[in-house]
Amino acid sequence: MDHLKIIKTPEEHEAALERLMALMEADPQEGSREADELEVLAMLIEQYEQRQFPIDLPDPVSAIRFRMEQQGLKNKDLVPFFGSASKVSEVLNGVRPLSLNMIRRLNHGLGIPADILVQRPSHETARVS
């Protein structure tokens with residue numbers, strides 16, 4: 001690739017990936033022209049892939065259940081984030097929406113990204129549509 005440009009086609013994407021692999025194998029010295037090209041090329045590839053292959057964020061309850069599974073947490077372990085055992089149960093069963101305070105505590109305490117927690121749960125989206 002002689003010059004860097006926005007990747008718009010699958011063929012350009014394939015060529016960019018091949019060039020990226022060649023640059024990575026060459027292991028260019030930091031600050032060199034090739035190292036800069038590698039960095040910019042990686043960003044262009046990422047931008048193309050995000051446009052072509054968007055990944056939907058999980059709904060809030062799925063994200064909470066996934067984190068519980070990752071950390072071996074039980075419903076009772078979530079009481080500090082929700083306020084009570086009944087609220088934990090209601091949120092996990094889709095009966096109660098997350099409050100702003102719950103979102104803040106889950107984000108801070110369990111590291112669940114806020115942009116996932118503020119989404120509408122999938123069962124609500126289905127009803128609204």
Side-chain angles (χ1 to χ4, degrees):
M1 207 177 253
D2 293 337
H3 63 286
L4 296 172
K5 62 182 185 128
I6 301 295
I7 300 167
K8 297 179 182 168
T9 67
E11 295 76 21
E12 291 173 349
H13 178 243
E14 187 62 37
L17 286 172
E18 286 176 20
R19 177 66 180 150
L20 181 76
M21 292 301 162
L23 286 167
M24 289 175 71
E25 284 179 26
D27 194 23
Q29 186 173 349
E30 185 139 349
S32 69
R33 186 173 164 274
E34 290 80 12
D36 291 344
E37 180 185 356
L38 188 142
E39 190 174 347
V40 173
L41 196 53
M43 290 189 312
L44 292 169
I45 290 168
E46 181 180 6
Q47 180 189 46
Y48 173 83
E49 291 175 350
Q50 285 176 349
R51 276 194 326 269
Q52 294 302 312
F53 317 110
I55 298 172
D56 292 333
L57 296 174
D59 75 80
V61 173
S62 297
I64 294 167
R65 289 187 183 282
F66 179 72
R67 188 54 49 96
M68 289 172 70
E69 188 179 310
Q70 278 184 318
Q71 297 185 2
L73 301 174
K74 304 279 184 230
N75 286 17
K76 65 180 169 81
D77 299 320
L78 297 183
V79 170
F81 304 105
F82 290 89
S84 71
S86 62
K87 287 180 184 175
V88 171
S89 179
E90 290 169 358
V91 169
L92 293 180
N93 290 315
V95 177
R96 174 189 288 265
L98 290 169
S99 70
L100 184 56
N101 282 334
M102 290 176 192
I103 290 169
R104 285 181 179 141
R105 290 189 292 253
L106 288 164
N107 174 255
H108 180 74
L110 294 181
I112 302 172
D115 57 336
I116 291 174
L117 294 171
V118 298
Q119 293 182 100
R120 258 193 190 149
S122 54
H123 66 276
E124 277 186 34
T125 311
R127 267 188 279 164
V128 172
S129 303

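Throughout, numbering of the chain's residues begins at 1 and tracks the sequence.
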Discussion item. Holding to side chain to side chain donor-acceptor pair (under 3.5 Å), I want the full list of residues that pass it with Gln29, two or more places apart in sequence or in another chain.
Written reply: none
Practice prompt. Might you confirm whether atom CD of Gln70 has over 12 heavy atoms from other residues, nucleotides or ligands at distances under 6.0 Å?
Written response: yes
Worksheet, complete the sentence: Smallest heavy-atom separation, Arg65 atom then Leu92 atom, equals NH2-O, 2.7 Å
Worksheet entry | For Glu25, all residues meeting side chain to side chain donor-acceptor pair (under 3.5 Å), sequence neighbours excluded | none
Discussion item. Applying side chain to side chain contact (heavy atoms under 4.5 Å, CB included), can you list everything that pairs with Glu49, at least two apart in sequence or on another chain?
Written reply: His13, Leu17, Ile45, Phe53
Worksheet item: Can you find a heavy atom in the side chain of Val40 that is under 4.5 Å from one in the side chain of Asp36?
Response: no
Worksheet item: Looking at CG of Leu38 and CZ of Arg33, how far apart are the two atoms once the value is rounded to the nearest 0.5 Å?
Response: 12.5 Å
Discussion item. Any non-hydrogen side-chain atom of Ile64 less than 4.5 Å from a side-chain atom of Leu98?
Written reply: yes
Taking distance alone, no hydrogens or angles, what donor-acceptor pairs closer than 3.5 Å link side-chain atoms of residues 71-85 to residues at least two apart or in another chain?
from	atom 1	to	atom 2	distance (Å)
Asp77	OD2	Lys74	N	2.7
Ser84	OG	Ser86	OG	3.1
Ser84	OG	Lys87	N	3.2

Worksheet item: Going only through I, L, V, M, F, W and Y residues with side-chain contacts under 4.5 Å, is there a path from Val91 to Val118?
Response: yes
Item to complete: Output the distance between atom CZ (Arg19) and atom CG (Leu23), rounded to the nearest 0.5 Å.
Response: 4.0 Å
Worksheet item: So do Ile116 and Asp59 actually touch side chain to side chain, heavy atoms under 4.5 Å?
Response: no
Worksheet item: For the residue pair Leu4 and Leu41, what are the closest heavy atoms and their distance?
Response: CD2-CD1, 3.8 Å
Response to the item:
In short, Ala35 meets Glu30 closest at the heavy-atom pair CB-CA, 4.2 Å
Worksheet entry | Side-chain donor-acceptor contact under 3.5 Å, Ser89 with Asn93 | yes
Fill in: Nearest heavy atoms of Gln119 and Pro58, plus distance in Å
NE2-O, 2.7 Å
Worksheet item: Hey, is CD on Glu34 packed in by over 12 heavy atoms from elsewhere, all under 6.0 Å?
Response: yes
Worksheet item: Quick one: do Tyr48 and Met24 end up in the same hydrophobic cluster if we chain Ile, Leu, Val, Met, Phe, Trp and Tyr together by side-chain heavy atoms under 4.5 Å apart?
Response: yes
Worksheet item: By side chain to side chain donor-acceptor pair (under 3.5 Å), which residues pair with Gln47, not counting sequence neighbours?
Response: none
Response to the item:
Applied to residues 94-115, the side chain to side chain donor-acceptor pair (under 3.5 Å) test, sequence neighbours excluded, yields Glu90-Arg96
Discussion item. Check for me, please, whether Ile6 and Leu20 land in the same ILVMFWY cluster - side-chain distances under 4.5 Å, paths through other members count.
Written reply: yes
Discussion item. Ignoring hydrogens, what is the shortest heavy-atom contact between Ile7 and Arg51? Give both atom names and the distance.
Written reply: O-NH2, 2.7 Å
